[in-house]
Peer 1: 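Attaching a single structure in structure tokens format; questions to follow.
Computed from a prediction, not measured in an experiment: that's the story for all the values here. Computed from heavy atoms alone, side chains included, the values below leave out hydrogens, waters and symmetry copies. So you know, we letter chains A, B, ... as the sequences are listed, proteins then strands, and number each from 1.
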Amino acid sequence: MSKPTPLSGFPEWLPAQRIIEQRFLDHIRRTFELYGFASLETRAVEPLDQLLRKGETSKEVYVLRRLQADSTDSSDASLGLHFDLTVPFARFVLENAGKLHFPFRRYQIQKAWRGERPQVGRYREFTQADIDIVDRDTLPAHYEAELPLVIGDALAGLPIPKPTVLVNNRKVLQGFYQGLDLVDPEAVMRVVDKLDKIGPAGVTAELSPLGVTDSQARLVLGLAEISADDGSFVDDVRKLGVSDPLLDEGLAELAAVVEAAGAHSPGLCRAELKIARGLDYYTGTVYETQLAGLERYGSVCSGGRYDNLASSGNDRFPGVGLSIGVSRLLGVLFGENALSASRSVPTAVLVAVSAEEDRRSCDRIAAQLRARGIATEVSPSAAKFGKQIKFADRRGIPYVWFPGAEGAADTVKDIRSGEQVEASAGNWTPPAVDLIPVVEGTFN
RNA sequence: GUGGUCGUAGCUCAGCUGGUAGAGCACCGGGUUGUGGUCCCGGGGGUCGCGGGUUCAAGUCCCGUCGAUCACCCCA
């Protein structure tokens with residue numbers, strides 16, 4: 001077999017990176033549960049019609065096909081890998097509505113797949129950590145303020161640059177554009193969203209083919225440039241002189257989210273009237289999250305409110321959700337060399353073996369340490385002690401345990417300081433910081 | 001899907017107008033006869049992405065292909 005080449009877009013982390021990822025996931029999970037979200041895991045595949053129900057994402061979906069399937073066999077042809085966790089969740093809610101209690105809040109940490117060309121922080125297979133709250137018939141607006149606070153807590157505990165949740169409301173854009181009599185509001189949103197990349201002149205140029213006049217474009221840009229971390233943006237929008245009932249509704253909702261967030265967690269959220277994105281099933285509040293200094297890598301956590309995603313017949317389950325792009329977050333920070341783990345293995349102690357005949361007693365020492373929660377492995381061979389220490393050093397294992405010879409006391413050596421002291425496996429404990437690998441970022 | 005760039009050791013790369021495949025780091029061994037990291041010496045490792053073509057001769061030139069990467073599209 002020739003040497004396998006990496007598959008772009010399907011990231012696989014090394015052990016030290018995986019330790020960091022697991023630490024991130026543990027923290028995120030714990031935060032979600034502190035807020036009362038129940039865990040859910042859905043299958044990897046959904047019927048294609050479910051996945052394509054909303055929006056233009058069709059070309060991104062990976063379709064499932066059996067290798068042996070012939071042209072007449074279409075049994076799996078209608079299955080695709082999910083490209084986010086919201087659509088499967090909406091389907092799950094409809095399917096199990098009778099067994100769930102509403103409002104229902106759940107978190108879901110799983111892989112998702114998108115058939116796009118990969119770039120830094122963009123993958124074809126990636127992990128998302130998603131929270132959603134759905135209710136029956138109507139969803140109180142305060143949930144739209146709560147979710148970014150949960151995310152704020154989840155991210156605040158991680159060694160990453162300061163996150164800012166940028167918030168907008170589709171109704172603001174939709175209403176404003178309606179008030180301006182623009183024919184294709186969706187297309188205008190997509191152009192406006194590129195403001196940072198192509199600048200005001202670029203936006204104006206791209207709006208022109210959409211039938212937007214220069215004076216309309218000025219107002220569109222005027223709206224897009226509004227940004228505030230409190231409710232003051234409402235007046236700025238009013239000054240542009242566009243009126244529409246939907247716009248009023250959106251402004252009120254957006255102001256409520258920003259004010260609530262500001263009261264609980266100052267500086268976390270900012271109304272940013274240029275952001276429009278997220279998938280196109282969003283109907284109200286939309287979120288994007290940037291890391292200070294790393295804005296160019298895009299959003300590491302996005303979401304929004306959707307009123308029509310989970311509905312069938314007379315049943316309606318409006319929801320609001322936010323997804324942390326765990327793979328993107330890690331990929332970007334790894335790329336910046338901004339994260340480190342103090343070791344590449346969980347092991348805190350390596351028990352040195354002086355001779356193979358002693359291995360059994362070394363195993364007993366290890367068992368005693370493990371019984372007290374200290375991750376321990378026994379040296380692979382009775383090599384020279386220098387080699388055994390090197391084995392530990394390579395992996396970042398902080399302690400090497402030397403069984404005492406012929407009745408002498410055991411000793412344990414901190415190989416970073418070189419300090420070696422007598423110890424008993426029945427009661428020795430490393431300092432808390434050495435118990436599990438330390439994950440650090442250059443940003444904290 | 002469209003366009004640009006790039007494929008040489010595990011990693012970073014050198015290899016001139018074609019002439020027998022190299023360095024640093026990493027890894028292994030020894031100096032160091034059972035307590036590492038420094039230093040010195042030695043060693044293993046490559047169908048030069050793959051296939052074809054031109055040539056006496058191709059890592060080098062040409063064509064194709066695959067892969068990677070960046071941008072667009074879109075998005076976590």
Peer 1: Between B/rG18 and B/rC56, how far is it from one C1' atom to the other, in whole Å?
Peer 2: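 Here B/rG18 and B/rC56 have their C1' atoms 12 Å from each other.
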
Peer 1: Using heavy atoms to find the nearest nucleotide of RNA chain B for A/Gln119 and A/Cys301 separately, return the residue whose nucleotide is more 5′.
Peer 2: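 Closer to the 5' end of RNA chain B: A/Gln119.
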
Peer 1: Expressed as a whole number of Å, how far does the P atom of B/rA21 sit from that of B/rC39?
Peer 2: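 Looking at atom P only, B/rA21 and B/rC39 are 32 Å apart.
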
Peer 1: Any N or O donor-acceptor pair under 3.5 Å from the base of B/rA76 to the side chain of A/Arg114?
Peer 2: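 Answer yes: a donor N or O sits under 3.5 Å from an acceptor.
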
Peer 1: Under 4.0 Å, heavy atoms only, any strand: does A/Ser354 hit a base, just the sugar-phosphate, or nothing?
Peer 2: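 Result for A/Ser354 = base.
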
Peer 1: In terms of side-chain heavy atoms, does A/Tyr143 have a donor or acceptor partner in A/Asp132 at a distance below 3.5 Å?
Peer 2: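 On atom types as modelled, these side chains do not qualify, holding no pair under 3.5 Å.
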
Peer 1: Kindly indicate whether the side chain of A/Arg122 and the base of B/rC74 share any N or O donor-acceptor pair separated by less than 3.5 Å?
Peer 2: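 Yes, a donor-acceptor pair under 3.5 Å.
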
Peer 1: Looking across every strand, which nucleic acid part, if any, lies under 4.0 Å from A/Val332 by heavy atom: base, sugar-phosphate, or nothing?
Peer 2: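 If one applies the 4.0 Å heavy-atom cut-off, A/Val332 turns out to touch nothing in the nucleic acid.
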
Peer 1: Using the rule side-chain contact (heavy atoms from CB on, under 4.5 Å), only one of A/Ser381, A/Pro403, A/Ser379 pairs with A/Val353; which is it?
Peer 2: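 Answer to the side-chain contact (heavy atoms from CB on, under 4.5 Å) test with A/Val353 among A/Ser381, A/Pro403, A/Ser379: A/Ser379.
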
Peer 1: What pairs with A/Arg270 under side-chain hydrogen bond (donor to acceptor under 3.5 Å, both in side chains), at least two apart in sequence or on another chain?
Peer 2: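 With neighbours one apart ignored, the set is A/Ser227, A/Glu272.
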
Peer 1: Taking the nucleotide of RNA chain B with the closest heavy atom to each, which residue, A/Ser299 or A/Arg117, is nearer the 5' end?
Peer 2: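 The answer here is A/Arg117.
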
Peer 1: Angle between ring planes, A/Phe32 versus A/Tyr107, binned at 30° and 60°: parallel, tilted or perpendicular?
Peer 2: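 Geometry flag for A/Tyr107 against A/Phe32: tilted rings.
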
Peer 1: For the side chain of A/Arg328, starting at C-beta, report the closest nucleotide among B/rC75, B/rU35, B/rC74.
Peer 2: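 Among the listed nucleotides, the one closest to the side chain of A/Arg328 is B/rC75.
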
Peer 1: Is A/Gln420 side chain donor-acceptor paired with the B/rU35 base, going by distance under 3.5 Å alone?
Peer 2: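 Between B/rU35 and A/Gln420, which were checked side chain against base, a qualifying N/O pair under 3.5 Å is present.
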
Peer 1: When rounded to the nearest Å, what value does the distance between C1' atoms of B/rC61 and B/rC11 take?
Peer 2: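 Their C1' atoms lie roughly 30 Å apart.
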
Peer 1: In whole Å, what separates the P atom of B/rG29 from that of B/rU38?
Peer 2: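 So the two P atoms sit 15 Å from each other.
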
Peer 1: Please list, chain by chain and in numerical order, all residues satisfying side-chain hydrogen bond (donor to acceptor under 3.5 Å, both in side chains) with A/Arg394, sequence neighbours excluded.
Peer 2: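 A/Arg394 satisfies side-chain hydrogen bond (donor to acceptor under 3.5 Å, both in side chains) with no residue once adjacent residues are dropped.
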
Peer 1: When you compare B/rU54 with B/rU60, how far apart are their P atoms, in angstrom units rounded to a whole number?
Peer 2: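 Pairwise P distance, B/rU54 against B/rU60, rounds to 15 Å.
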
Peer 1: Establish whether the base of B/rG37 is bridged to the side chain of A/Asp393 by a donor-acceptor pair shorter than 3.5 Å.
Peer 2: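 Flag unset: no donor-acceptor pair detected.
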
Peer 1: Taking only residues two or more places apart in sequence or in another chain, which ones pass salt bridge (Lys or Arg N to Asp or Glu O under 4.0 Å) with A/Arg305?
Peer 2: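 Once residues adjacent in sequence are excluded, the partners of A/Arg305 under the salt bridge (Lys or Arg N to Asp or Glu O under 4.0 Å) criterion are A/Glu144, A/Asp307.
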
Peer 1: Do A/Ser344 and A/Leu14 come close enough that some side-chain heavy atom pair is under 4.5 Å?
Peer 2: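 Not touching, per the 4.5 Å side-chain cut-off.
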
Peer 1: Pick out the pairs of N or O atoms, protein on one side and nucleotides 25-29 of chain B on the other, that lie under 3.5 Å.
Peer 2:
unit_1: B/rC27; atom_1: OP1; unit_2: A/Arg394; atom_2: NE; d: 3.0
unit_1: B/rC27; atom_1: OP1; unit_2: A/Arg394; atom_2: NH1; d: 3.2
unit_1: B/rC27; atom_1: OP1; unit_2: A/Arg394; atom_2: NH2; d: 3.2
unit_1: B/rC28; atom_1: OP2; unit_2: A/Arg394; atom_2: NH1; d: 3.4
unit_1: B/rG29; atom_1: OP1; unit_2: A/Lys387; atom_2: NZ; d: 3.4

Peer 1: When we call it a touch if two heavy atoms are under 4.0 Å apart, what does A/Phe402 touch: a base, just sugar-phosphate, or nothing?
Peer 2: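 Since a base atom lies under 4.0 Å of A/Phe402, the category is base.
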
Peer 1: Tell me whether the rings of A/Trp428 and A/Trp401 are parallel (<30°), tilted (30 to 60°) or perpendicular (>60°).
Peer 2: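 Rings of A/Trp428 and A/Trp401: perpendicular, as their planes differ by over 60°.
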
Peer 1: Looking across every strand, which nucleic acid part, if any, lies under 4.0 Å from A/Lys111 by heavy atom: base, sugar-phosphate, or nothing?
Peer 2: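 It contacts nothing in the nucleic acid.
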
Peer 1: Which nucleotide, B/rU32, B/rA76, B/rG36, lies nearest any side-chain atom of A/Lys384?
Peer 2: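 Minimum distance to the A/Lys384 side chain belongs to B/rU32.
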
Peer 1: Tell me which nucleotide among B/rC73, B/rG36, B/rU69 gets nearest to the side chain of A/Pro118.
Peer 2: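 Nucleotide nearest to A/Pro118's side chain: B/rU69.
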
Peer 1: A/Gln290: what forms a side-chain hydrogen bond (donor to acceptor under 3.5 Å, both in side chains) with it, not counting sequence neighbours?
Peer 2: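 Result, side-chain hydrogen bond (donor to acceptor under 3.5 Å, both in side chains) vs A/Gln290: none returned.
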
Peer 1: If we take the P atom in both B/rG1 and B/rA57, what is their distance in whole Å?
Peer 2: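 These two P atoms come out 38 Å apart once rounded.
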
Peer 1: RNA chain B: stems of at least 3 consecutive Watson-Crick or G-U pairs, cut-off 3.5 Å?
Peer 2: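 Stems (3+ consecutive pairs) listed as B:1-7 with B:66-72, B:10-13 with B:22-25, B:27-31 with B:39-43, B:49-53 with B:61-65.
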
Peer 1: Output yes if the stacking criterion (under 5.5 Å between centres, under 30° between planes) is met for A/Phe126 over the base of B/rA76, else no.
Peer 2: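 A/Phe126 vs B/rA76: stacking yes.
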
Peer 1: Give me the distance, rounded to whole Å, that separates B/rC16 from B/rU20 when you measure between the P atoms they each carry.
Peer 2: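 One P to the other, the span is 11 Å.
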
Peer 1: For A/Gly298, answer base if it contacts any base atom (sugar-phosphate contacts may also be present), sugar-phosphate if it contacts only those atoms, and nothing otherwise; contact means non-hydrogen atoms under 4.0 Å.
Peer 2: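 Counting heavy atoms under 4.0 Å across all strands, no contact is made by A/Gly298.
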
Peer 1: Which residue, A/Thr42, A/Thr86, A/Asp130, forms the side chain to side chain donor-acceptor pair (under 3.5 Å) with A/Gln108?
Peer 2: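 With A/Gln108 as partner, A/Thr42, A/Thr86, A/Asp130 yield a single side chain to side chain donor-acceptor pair (under 3.5 Å), made by A/Thr42.
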
Peer 1: Check the orientation of A/Tyr306 and A/Tyr282. Use parallel for under 30°, tilted for 30 to 60°, and perpendicular for over 60°.
Peer 2: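 Answer is tilted, since the angle falls between 30° and 60°.
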
